[in-house]
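Basis for what follows: all heavy atoms, side chains included, without hydrogens, waters or symmetry-related copies. These numbers were taken from a predicted model, which means no experiment stands behind them. Throughout, protein chains are lettered first and strands after them, A, B, ... in sequence-line order, and every chain is numbered starting at 1.
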There are 2 protein chains.
Amino acid sequence: MNENNADAGADRRTHLRDRLIDIAQETVAAQGLAGLKARDLAAAAGCALGAIYTAFHDLDELILRVNARTLARLEAALDAAFVDAEAEQALEAMARAYLSFARKDEPSWRALFEHRLPPGAPVPAWYADARNRLFSRLDAPLAQLLPGRDATARAALARTLFSAVHGVVALGLEEKIAETPPKLLDEQLGVLIRLLAAGLMMESARLI
Amino acid sequence: MNENNADAGADRRTHLRDRLIDIAQETVAAQGLAGLKARDLAAAAGCALGAIYTAFHDLDELILRVNARTLARLEAALDAAFVDAEAEQALEAMARAYLSFARKDEPSWRALFEHRLPPGAPVPAWYADARNRLFSRLDAPLAQLLPGRDATARAALARTLFSAVHGVVALGLEEKIAETPPKLLDEQLGVLIRLLAAGLMMESARLI
C-alpha cells in the first residue's frame with residue numbers, strides 16, 4: 001500500500017468514526033442509551049457491523065465519545081450562565097443552568113450517569129479531561145468564597161457541591177421520591193443553593 | 001367451592017406471594033434488578049410462569065414489594081443511628097447510616113432508584129407510605145432547627161436534604177465523576193452535612 005492509499009484509508013476511518021458518533025448521538029438524544037444497538041448503528045451508517053469495531057475499540061468507547069460531546073455542550077451551557085458576580089449568584093446560575101440542560105436534553109444527560117464501564121476498565125484520559133473541564137467551572141466562585149483553600153481541596157469541594165445539586169435534579173426530574181412539579185423542583189434547587197452558600201460563607205468566615 | 005376450599009386457595013396464594021417476594025429479594029440483593037427474570041423466579045419457586053401473575057398484578061408490583069422491604073430495612077438502619085441530640089448530630093448520623101446501608105446492601109439500595117414504573121402508572125399507596133415513613137425520620141431534627149415551619153415545608157425540605165445526600169452517596173459509590181476512595185466519600189459527606197447544617201442554622205436565625 002503506498003502512502004496515498006494509507007492516507008485515504010485513515011481518512012475513511014476518521015470519516016466513519018465521526019459518522020458513527022453523529023448517529024449514536026442522535027439515537028441517544030432521542031431514545032437514551034437503551035436505544036443504542038450496534039446492528040441499527042451499522043445499518044444507519046451503511047457499514048458492516050464489524051466496521052464499528054475497526055472504528056472504535058468497543059461500544060463503550062463510542063458511548064463515551066457521545067457522552068464527551070454531551071459534557072462539552074453542558075460546559076457551554078454553564079459558561080453561558082456564568083455570572084461574573086458574587087460567588088453565590090454564580091453558583092446559583094450554574095445550578096439552574098444544570099437543571100435546564102437536564103430538562104431540555106434529558107436522555108443525553110441521563111446517559112452520562114447510566115453508562116458504566118466494565119469493572120476494572122480505566123476511564124480514558126480524554127474523557128476524564130472533559131469531565132474535569134466541567135468541574136473547573138466551579139473553581140472561580142469557590143476560590144472567591146474560600147481563598148485559603150488549595151486547588152485540590154477546591155476540586156474535592158466542587159465535586160461534593162455538584163453531586164448535591166445533581167441529587168436534587170436527578171431525583172426531582174425522575175419524580176423518584178415524590179411528585180415534583182417543575183415549580184417545586186425550581187424551589188428545591190433554590191433552597192439547596194441558599195443553604196450551601198450560607199454554609200460556605202460561614203466556612204469562609206471560619207465560623208464552622 | 002365451599003368456604004374451606006376458598007380459604008385454602010387464599011392461603012396458598014398468600015404463601016406463594018411471600019415465597020416469590022423472598023426469592024426476588026435474594027436475587028436483587030445478589031445481582032441487582034437486572035438479575036430478576038420471571039422465568040428464573042418461577043423455576044426457583046417451583047410454580048408455573050403464569051402463577052406469578054396470579055400472585056401479583058405484574059412484575060412491577062413484585063419489584064415494588066421487594067423495594068418496600070428495602071425501605072423498611074433502611075428505615076430501621078436510620079432509627080438505629082438516630083441520635084436524640086442536637087439536630088445537626090442527628091442529621092449527620094442519619095446521613096452516615098444512609099451511606100453505610102448503601103455500601104453494605106448496594107444492589108438492593110440501587111434497585112430503589114433503578115426501577116421505574118411504566119409512564120403514567122401511579123405509585124401504589126402502600127409504597128408511597130413506606131417512602132414517606134422514611135422521610136419522616138428527618139422531621140424531628142428539622143422541627144428542632146426550624147420551629148416556625150409547617151409540616152408541608154418541613155417535608156419538602158426533608159426531600160431536598162435527602163436528595164443532596166443521595167447525590168453525594170450515589171455518585172461517590174459509583175465513582176461516577178472521579179475516583180472516590182471510601183475515606184474521601186466519608187469526608188465529602190461530612191463536608192456536605194456541615195455546610196447544610198450551617199445553612200439551616202443561619203436560616204433558623206433568619207440570617208438568610
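Remark: B:Asp105 does not engage B:Arg110 in a salt bridge, criterion side-chain N to carboxylate O under 4.0 Å. Taking a cutoff of 4.0 Å between a charged side-chain nitrogen and a carboxylate oxygen, B:Glu26 and B:Arg69 do not qualify as a salt bridge.
In terms of heavy-atom pairs under 4.5 Å with chain A, the best-connected choice from B:Leu189, B:Leu185, B:Leu195 is B:Leu195. Comparing B:Val169, B:Leu196, B:Leu117 by heavy-atom pairs within less than 4.5 Å of chain A, the highest count is held by B:Leu196. By number of non-hydrogen pairs under 4.5 angstrom with chain A, the leading residue of B:Leu200, B:Leu134, B:Val123 is B:Leu200.
Taking 4.5 Å as the limit, some side-chain heavy atom of A:Glu187 sits within range of a side-chain heavy atom of A:Leu184. Inter-residue side-chain proximity for B:Asn67 and B:Leu71 is flagged as unmet; no heavy-atom pair is nearer than 4.5 Å. With contacts defined as side-chain heavy-atom distances shorter than 4.5 Å, the pair A:Glu92/A:Arg194 does not qualify.
In this structure, the separation between OG1 on B:Thr180 and CG on B:Asp186 is 11.5 Å, given to the nearest 0.5 Å. Within the model, atoms CE of B:Met94 and CD1 of B:Ile193 stand 9.0 Å from one another, a figure rounded to the nearest 0.5 Å.
For the pair B:His115 and B:Asp60, the tightest heavy-atom approach, listed with the atom from each and the gap, is NE2-OD1, 2.7 Å.
If you measure heavy-atom distances from B:Leu171 to chain A, the contacts under 4.5 Å come from the side chain alone. The contact between B:Gln188 and chain A is made by backbone and side chain atoms together, counting heavy-atom distances below 4.5 Å. In this structure, chain A has a heavy atom under 4.5 Å from the side chain of B:Arg131, while its backbone stays farther away. Only the side chain of A:Glu174 has a heavy atom closer than 4.5 Å to any heavy atom of chain B.
Proximity to chain A among residues 140-168 of chain B is limited to B:Ala156, B:Leu157, B:Arg159, B:Thr160, B:Leu161, B:Phe162, B:Ser163, B:Ala164, B:His166, B:Gly167, B:Val168, judged by heavy-atom separations below 4.5 angstrom.
By the 6.0 Å and 45° rule, B:Arg65 stacks over the aromatic ring of B:Trp126.
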